[in-house]
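Each chain gets a letter, A, B and so on, in the order the sequences are listed, and its residues count up from 1.
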Amino acid sequence: MKLSQLLTATLREAPADAEIISHKLMLRAGMIRQLAAGIYTWLPLGYRVLKKVEAVIREEMNNSGAQEILMPAIQPAELWRESERWDQYGPELLRINDRHKREFCFGPTHEEVITDLVRREVRSYKQLPLILYQIQTKFRDEIRPRFGIMRSREFLMKDAYSFHLNDQSLEETYEKMYSTYTKIFNRLGLNFRAVIADSGNIGGDKSHEFHVLAESGEDQIVFSKNSDYASNLERALIDLGEEAHKLESARGIEVGHIFQLGKKYSKCMKTNCLDEHGKSITLTMGCYGIGVSRIVAAAIEQNNDEKGIIWPIAMAPYQLALIPVNMHKSVRLREAVISLYKKLLDNNIEVILDDRNERPGVMFSDMELIGVPHRFVFSEKGLDSGEIEYKERTINENKNIKIEKAIAFIKEKTSSF
RNA sequence: CGGGGCGUGGCGCAGCCUGGUAGCGCACCUGCAUGGGGUGUAGGUGGUCGGAGGUUCAAAUCCUCUCGCCCCGACCA
């Protein structure tokens, strides 16, 4: 991508509305723009990051044996009446009427829809266990949206649901999802912790939350130094009472949550199938969420410096920034830069070429703000000596690379994950 | 919803108290110079001052209503 063509504008100053660092940096780097309270547009740069996160999640979910589907965002009220959540859910549920005055809501979650699907499609125990997931826009009319994409009303979520003949099967899938989540957050390069959680009003039994550790986290998690015990604060108070205050504590951003739902939905929505004896049994369920868009903000909260964002490799919108010095005056340099740029593209390097007629300092600052992990600087001096200059975003040191070795060098650098 | 604050070019702000028809920095466009850490210089584009109503010869400024946004508290990926 040529930066001159990218729809983006870096800002020197953050809009006054932004409070936390991830929100400020996302606005300054030109990743998102606000449309209304808790509702954002993703600009090209931000959307690339979001898609990177999505891709990792999709790959690992598929590896786990889950199947991807896409459910409607708009859901009929009848289903929510069946589960009795139409009355329970409160104003957070965005209710809408169609032209016939029939009632619908914009889905904040999809237990009802998936349960309805499965009760229609699944007839036999041979189809189980079944794990279905989707990556989709959700809407929750939060009392108070805040912190940009961190707690927005509209957000991107990966939600998965599993269906089982019995509790043992549910337990196995639950464990599988636990390890899948661990793989996902590890691949995304996040410092996180899984904790025991209270299953809250979604209902059900066993539950874990996955928290990205960050000072600005809205949740308090606690853990024991002497054992494996780690939980959110609410759960610790339930489990341990006053003893809970003796635990170590940290701040976290909840990015994932897995639940064993049991029969909460399958029972009231009559979701049955035949077991091996031809007997009709009620399915047992699990559900597994990841806040896809929230991960982007959480990653920035955890990884930034005074210059800007420091993307974990797997999330970076571009791997390499190619910065020419004085290209607009030197024809031979411009030709060499364009030639290298094309070779990088041919080698599938995710490169962004700063072809603007800007001073070097501006280009450096912008690339650091955006958080591109690797940088090549190409100058006339370099052209004379046959070298290009390499620098990593987080390492304060330059390295000269022979131009003919540049492709191999950066391939090596970017393939290590 | 309760408490606090803010709406003035894309962003950050001043002007409002004490009405006289809008200004600064950044960004953007053009020229010249510059060319390794947000360069200098000259010129330029862009604003019904959130909206409606009222007071007045005259409203960004005063009054009334309204809409939006942000922060603090109770909910959640």
Side-chain angles (χ1 to χ4, degrees), chain A residues 7-20 23-24 27-28 30 33-39 53 57 88-93 107-110 135-160 181 185 197-202 207-212 217-219 232 234 252-259 287-298 307-308 323-330 333 354 356-369 375 377-382 389 391 396 398:
Chain A
L7 178 66
T8 189
T10 55
L11 303 173
R12 277 210 206 182
E13 292 173 287
D17 286 349
E19 184 82 357
I20 61 170
H23 191 194
K24 285 181 184 168
L27 290 168
R28 286 189 52 211
R33 291 291 182 256
Q34 180 170 9
L35 180 64
I39 301 179
V53 175
I57 293 172
Q88 287 167 12
Y89 216 92
E92 202 174 301
L93 185 65
T109 178
H110 278 67
I135 296 174
Q136 194 212 30
T137 296
K138 297 281 191 278
F139 192 94
R140 294 182 185 173
D141 201 353
E142 293 266 351
I143 296 166
R144 189 154 86 82
R146 64 184 116 171
F147 303 148
I149 224 71
M150 182 76 81
R151 180 194 285 281
S152 50
R153 293 193 293 172
E154 185 176 309
F155 60 99
L156 193 64
M157 178 177 178
K158 186 284 298 176
D159 47 325
Y181 274 36
F185 297 126
D198 195 21
S199 40
N201 66 1
I202 293 191
S207 165
H208 282 85
E209 289 170 356
F210 290 76
H211 286 265
V212 165
E218 288 189 87
D219 297 305
N232 64 21
E234 299 77 35
I253 301 163
E254 187 186 349
V255 292
H257 202 161
I258 58 178
F259 293 96
C287 83
Y288 318 90
I290 292 181
V292 182
S293 40
R294 180 179 281 180
I295 284 177
V296 177
K307 292 173 179 169
I323 298 184
V325 178
N326 213 9
M327 172 177 91
H328 290 267
K329 277 280 176 63
S330 165
L333 178 64
D354 196 340
R356 302 174 301 171
N357 189 3
E358 288 289 353
R359 312 262 309 182
V362 174
M363 298 193 272
F364 295 155
S365 300
D366 278 347
M367 287 305 162
E368 282 157 351
L369 172 62
R375 180 179 96 184
V377 177
F378 207 167
S379 66
E380 283 204 281
K381 264 180 282 174
E389 189 184 286
K391 183 185 175 304
N396 215 359
N398 295 325

- Under 4.0 Å between any heavy atoms, over every strand shown, what does S152(A) touch: base, sugar-phosphate, or nothing? Just pick one. base
- Message: Measuring only the C1' atom in each nucleotide, how far is rU8(B) from rG51(B)? A whole number of Å is fine.
- Response: 14 Å
- Item | Nucleotide paired to rG19(B) in any strand shown, Watson-Crick or G-U, under 3.5 Å | none
- Indicate, with a heavy-atom threshold strictly under 4.0 Å, whether V325(A) touches base, sugar-phosphate, or nothing. base
- Please examine the side chains of K138(A) and H110(A), heavy atoms only from C-beta on, and report whether any two atoms are closer than 4.5 Å. yes
Using the 3.5 Å cut-off, write out each protein N or O paired with an N or O of nucleotides 66-71 of chain B and the distance between them.
from, atom 1, to, atom 2, distance (Å)
rC69(B), OP1, A37(A), N, 2.8
rC69(B), O3', Q34(A), NE2, 3.3
rC69(B), O2', D17(A), OD2, 3.0
rC70(B), OP1, Q34(A), NE2, 3.0

- Note on the structure: Closest heavy-atom pair, S293(A) versus I149(A), reported as atoms and distance to 0.1 Å, is O-CG2, 3.7 Å
- Query: Looking across every strand, which nucleic acid part, if any, lies under 4.0 Å from V377(A) by heavy atom: base, sugar-phosphate, or nothing?
  - Reply: base
- Message: When both hydrogen-bonding distances must be under 3.5 Å and the geometry is Watson-Crick or G-U wobble, what is rA33(B) paired with, if anything?
- Response: rU39(B)
- Side-chain touch D219(A)/N232(A), heavy atoms, less than 4.5 angstrom: no
- Task: Would you check if the side chain of Y288(A) reaches a backbone N or O of G256(A) as a donor-acceptor pair within less than 3.5 Å?
- Result: no
- Determine the contact category for K329(A): base if any of its heavy atoms lies under 4.0 Å from a base atom, sugar-phosphate if only primed atoms, P, OP1 or OP2 are that close, otherwise nothing. base
Atom pairs under 3.5 Å, N or O on each side, protein against nucleotides 37-41 of chain B: can you list them with distances?
from, atom 1, to, atom 2, distance (Å)
rG37(B), O6, R375(A), NH1, 2.9
rG37(B), O6, R375(A), NH2, 3.1
rG37(B), N1, E368(A), OE1, 3.3
rG37(B), N1, E368(A), OE2, 2.9
rG37(B), N2, E368(A), OE1, 2.2
rG37(B), N2, E368(A), OE2, 3.4
rG38(B), O2', R12(A), NH1, 2.8
rG38(B), O2', R12(A), NH2, 2.3
rG38(B), N1, D366(A), OD1, 3.3
rG38(B), N2, D366(A), OD1, 3.0

- Item | Length of the OH-C1' vector between Y89(A) and rA77(B), whole Å | 10 Å
- Would you kindly give the CD-to-P distance between E13(A) and rC24(B), to the nearest whole Å? 17 Å
- Item | Donor-acceptor under 3.5 Å (R28(A) side chain, L11(A) main chain) | yes
- Query: With sugar-phosphate meaning primed atoms plus P, OP1 and OP2, does D219(A) contact a base, only sugar-phosphate, or nothing at under 4.0 Å between heavy atoms?
  - Reply: base
- Task: Mind running salt bridge (Lys or Arg N to Asp or Glu O under 4.0 Å) on R375(A) and E368(A) for me, showing each step along the way?
- Result: CA-CA 9 Å; R375(A) 180 179 96 184; E368(A) 282 157 351; 3.6 Å; yes
- Message: Using the side-chain heavy atoms of R294(A), tell me which of these nucleotides is nearest: rG12(B), rG36(B), rC76(B).
- Response: rC76(B)
- Message: Keeping Q34(A) on the side-chain end and A36(A) on the backbone end, is there a donor-acceptor pair under 3.5 Å?
- Response: yes
- Base-pairing assignment for rU45(B) (Watson-Crick or G-U wobble, both under 3.5 Å): none
- Message: Is any side-chain heavy atom of K391(A) closer than 4.5 Å to one of M367(A)?
- Response: no
- Between R294(A) and F155(A), is NZ or CZ placed under 6.0 angstrom from the six-membered ring centre and within 45° of the ring axis? no
- Message: Rounding to an integer number of Å, can you tell me how far R151(A) CZ sits from rC72(B) P?
- Response: 10 Å
- Message: Expressed as a whole number of angstroms, how long is the span from I323(A):CD1 to rG36(B):P?
- Response: 13 Å
- Among the nucleotides rA77(B), rC11(B), rC28(B), whichever has the atom closest to the side chain of E358(A) is rC28(B)
- Message: Taking the C1' atom in each of rA60(B) and rG9(B), what is the distance between them to the nearest angstrom?
- Response: 14 Å
- Is G256(A) touching bases, backbone alone, or none of the nucleic acid, heavy atoms closer than 4.0 Å? sugar-phosphate
- Query: For the pair made of CD in E254(A) and P in rC75(B), what is the distance, rounded to whole Å?
  - Reply: 13 Å
- Query: In whole angstrom, what separates L27(A)'s CG from rG12(B)'s C1'?
  - Reply: 13 Å
- Quick one: look up who rG2(B) pairs with, Watson-Crick or G-U, both distances under 3.5 Å, and put none if it's unpaired. rC72(B)
- Task: Please tell me if the side chains of F364(A) and K307(A) come closer than 4.5 Å, counting only heavy atoms from C-beta onward.
- Result: no
- Task: Once you apply the 3.5 Å cut-off to both distances, tell me the Watson-Crick or G-U wobble partner of rC65(B), or none.
- Result: rG51(B)
- Message: Going by purine N1 to pyrimidine N3 plus the second Watson-Crick contact, or the G-U wobble pair, all under 3.5 Å, which nucleotide sits opposite rG25(B)?
- Response: rC11(B)
- Partner of R146(A) under side-chain contact (heavy atoms from CB on, under 4.5 Å), picked from H23(A), E218(A), E19(A), is E218(A)
- Task: Could you tell me whether N357(A) contacts a base, only the sugar-phosphate backbone, or nothing, with contacts defined as non-hydrogen atoms closer than 4.0 Å?
- Result: base
